[in-house]
Amino acid sequence: MTHHHEHASHHNATVTDPVCGMSVDPATAAATREHDGVTFAFCSAHCAATFDADPHRYGHPHPAH
């Protein structure tokens, strides 16, 4: 007897929370934000609020000098 799993595989489609660095599945993220045409996913409302306070710090890291 063979079992075939027909589930969509979203396990590999994770992104990095720009605030804490945690891997987040965008489909189940606690929060998302759109900034300058880029969607960011967050592990928690706290990380999203931290991003909201200074999105350029997390969304656009300053170039190294």
Side-chain angles (χ1 to χ4, degrees):
M1 182 188 253
T2 305
H3 294 277
H4 294 282
H5 294 280
E6 301 282 332
H7 304 286
S9 179
H10 294 284
H11 311 323
N12 298 331
T14 60
V15 296
T16 302
D17 181 319
V19 176
C20 71
M22 194 172 158
S23 290
V24 178
D25 180 345
T28 59
T32 59
R33 297 292 188 269
E34 177 94 14
H35 181 70
D36 286 346
V38 179
T39 301
F40 297 92
F42 301 92
C43 70
S44 68
H46 175 76
C47 281
T50 300
F51 179 87
D52 290 341
D54 190 2
H56 286 278
R57 176 178 177 187
Y58 300 102
H60 304 283
H62 300 288
H65 294 280

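Note that this is a predicted model, so its numbers are computed, not measured. Just so it is clear, the values below take in all heavy atoms, side chains as well, and ignore hydrogens, waters and symmetry mates.
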- Smallest separation among heavy atoms of Ala29 and Val24, with atom names: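 In terms of heavy atoms, the two residues are closest at CB-CG1, 3.6 Å.
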Identify all side-chain donor-acceptor contacts of residues 37-47 below 3.5 Å with residues at least two apart in sequence or on another chain.
residue: Thr39; atom: OG1; partner: Glu34; partner atom: OE1; Å: 2.8
residue: Ser44; atom: OG; partner: His46; partner atom: N; Å: 3.4
residue: Ser44; atom: OG; partner: Cys47; partner atom: N; Å: 3.1

query = Tell me, which pairs form a salt bridge (charged side-chain N to carboxylate O under 4.0 Å, His left out) where one or both residues lie in residues 39-49, sequence neighbours left out?
reply =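 Matches after skipping sequence neighbours: none remain.
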How far does CG of Asp17 sit from CZ of Phe51, to the nearest 0.5 angstrom?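 The distance works out to 9.5 Å.
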